[in-house]
Number of protein chains: 2
Amino acid sequence: MAIYLMEKRMLNGQECDTQTWDMGNCPVRDVLDRIAGKWSTLLLEALAHKPYRFGELRRLVPDISQRMLTQTLRDLQRDGYIEREVFPTKPPSVEYRMTDLGRSLFEPLSKVLLWAGENHASVKAARVKFDESELA
Amino acid sequence: MAIYLMEKRMLNGQECDTQTWDMGNCPVRDVLDRIAGKWSTLLLEALAHKPYRFGELRRLVPDISQRMLTQTLRDLQRDGYIEREVFPTKPPSVEYRMTDLGRSLFEPLSKVLLWAGENHASVKAARVKFDESELA
DNA sequence: GGTTGTTGGTCTCAAAAAGAGACTAGCACT
DNA sequence: AGTGCTAGTCTCTTTTTGAGACCAACAACC
C-alpha cells in the first residue's frame with residue numbers, strides 16, 4: 001500500500017532523511033508496478049510492432065488466459081499506453097494500438113528487452129552456478 | 001509455463017510461423033519475468049547506489065515483508081545481479097552488493113526508471129481520463 | 001543475572017492474484 | 001439446424017504474496 005519515494009535519493013546520490021519522503025507519491029513505483037506485470041511488457045512489445053486485435057494477441061501469446069489478457073490490456077489502456085477501438089463488424093472486432101505515450105515508454109523499455117536477449121546466457125550461467133553451490 | 005519466443009519477430013519486424021518458435025527458450029521472458037517483480041527493480045535501484053545490509057534494505061523499503069525481501073534478494077542473487085557476503089560479526093551481518101552483470105542491466109533499466117519519473121503526470125492524467133469515461 | 005535489543009532469517013496462516021475452463025450473444029456460413 | 005467466429009465475463013482452483021510470530025546467539029544495560 002505505502003509507496004516509497006526512493007528514486008530521488010538513488011539517482012542523484014544525495015542522502016536525505018528517509019522519514020520525510022512522501023510515501024504516497026513515488027512516480028517510479030506508481031508507474032513501474034503496472035508495466036512490471038508478467039504480461040505487460042510482452043503486450044507492449046507486440047503492439048509496438050503493429051496494432052493487433054484481441055484474438056490475434058491471444059494467439060500470439062498462447063499461454064495467457066483470456067482473463068489476464070483482458071485485464072492487462074485494460075490496465076495498459078488506463079495508463080494511456082494503448083488505445084482500444086471497436087469496429088462495428090459482425091461479430092464486432094476490437095483493435096488495440098499503441099499511443100504516443102506508449103511508444104515513448106517503449107523506447108527505453110526496448111533497451112532492457114535488448115539487454116535481456118544479449119545477456120540471457122550470462123544469466124543462465126549464473127543460475128547454474130548458484131544452484132550448484134546451493135546443494136553443497 | 002510455456003515461454004514464447006516473440007522478440008525476434010517483433011524487434012526486426014519480420015514475420016515467421018508462430019508454431020515453429022521455441023516455446024521453451026525465450027530470453028526476454030526468461031530474464032524479464034524475474035526483474036519484473038514488484039520489488040526487484042526497487043532493490044536493484046537501491047543496490048545500484050551502494051551496497052546495503054539486509055536490515056538496511058528492510059528499513060529503506062518499509063512496506064516489503066521480510067519474507068519477500070529474502071526471496072527477492074535470493075532471486076536476484078541467483079540470476080547473478082547481486083552478490084551476498086556474510087560478515088562474522090556478532091550477530092552475523094550480511095551485505096548485498098551489485099555485480100558487474102547487475103550494473104550492466106541497471107544501465108538500460110535506469111532509463112525506464114527515469115522515464116517513469118518524467119512521465120508520471122501523463123500517466124496519472126490518463127488514468128483520471130479513463131476512470132471518468134468508465135463511469136459514464 | 002535477567003531483560004531487552006540486534007542480527008538475518010524461517011514458519012505458518014490468511015488474503016490477494018493468477019490460471020483453467022465453462023459460458024454468453026449475435027450473426028455468418030453450410 | 002448445427003457449427004464457428006467475435007470479445008469478452010463468471011466461477012472455481014491453484015499459486016503468490018502479505019502479516020506476523022518465532023528463532024538462536026550474543027551485547028549492552030541495570
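Treat the numbers as computed from the prediction; the structure is a model and nothing was measured. Just so it is clear, the values below take in all heavy atoms, side chains as well, and ignore hydrogens, waters and symmetry mates. Within every chain, numbering begins at 1; the chains are lettered A, B, ... in the order of the sequence lines, protein sequences first and strands thereafter.
Partners of B/R84 under the side-chain contact (heavy atoms from CB on, under 4.5 Å) rule, at least two apart in sequence or in another chain, are B/Q77, B/V86, B/V94, B/Y96.
Taking 4.0 angstrom as the limit, A/Y52 places none of its side-chain polar atoms (N or O) nearer than this to OP1 or OP2 of D/dA7. Taking only side-chain nitrogens and oxygens, A/R84 comes nearer than 4.0 Å to OP1 or OP2 of D/dG8.
The 5' end of DNA chain C is approached more closely, in terms of each residue's nearest nucleotide, by B/R58 than by the other of B/R58 and B/R74.
A salt bridge links A/D100 with A/R103; the closest basic N to acidic carboxylate O contact falls under 4.0 Å. Look at A/R78 and B/D131 and you find a salt bridge, because one of the NZ, NE, NH1 or NH2 atoms lies within 4.0 Å of a carboxylate O, short of that distance. By the 4.0 Å N-to-carboxylate-O rule, B/D30 lies close enough to A/R127 to be salt-bridged with it.
For B/K90, whose side chain is taken as the heavy atoms from C-beta onward, the closest listed nucleotide among D/dG8, C/dT7, D/dC26 is D/dC26. Picking from C/dG8, D/dT6, C/dT10 the nucleotide with the shortest atom distance to the side chain of B/S93 gives C/dG8. Side-chain proximity of B/P91 to D/dA7, C/dT7, D/dT6: nearest is C/dT7. Of the candidate nucleotides D/dA7, C/dG9, C/dT7, C/dT7 has the atom lying nearest to any side-chain atom of B/R59.
Listed for the A/E56 side chain is a donor-acceptor partner under 3.5 Å among the backbone atoms of A/R53.
Heavy atoms from other residues, nucleotides or ligands lying under 6.0 Å from CD of B/E107 number 12 at most.
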Where do N or O atoms of nucleotides 16-19 of chain C meet protein N or O atoms at under 3.5 Å, pair by pair?
residue: C/dA18; atom: N7; partner: A/R67; partner atom: NH2; Å: 2.9
residue: C/dG19; atom: OP1; partner: A/K38; partner atom: NZ; Å: 3.2
residue: C/dG19; atom: OP2; partner: A/W39; partner atom: NE1; Å: 3.1
residue: C/dG19; atom: N7; partner: A/R67; partner atom: NH1; Å: 3.4

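If you measure from atom CG of B/D33 to atom C1' of D/dT16, you get 14 Å, rounded to the nearest angstrom. Remark: P of C/dG9 and CG of B/L73 are 8 Å apart, rounded to the nearest angstrom. C/dG21 atom C1' lies 10 Å from atom CD of A/Q66, rounded to whole Å. Rounded to whole Å, the distance from CD on B/E85 to P on C/dG8 is 13 Å. Per the geometry, OH belonging to B/Y96 stands 12 Å off C1' belonging to C/dT7, to the nearest Å. Nucleotide D/dG8 holds its P atom 11 Å from the CG atom of A/L57, rounded to whole Å.
Proximity of B/Y52 to B/L43: side-chain heavy atoms (C-beta onward) are nowhere separated by under 4.5 Å.
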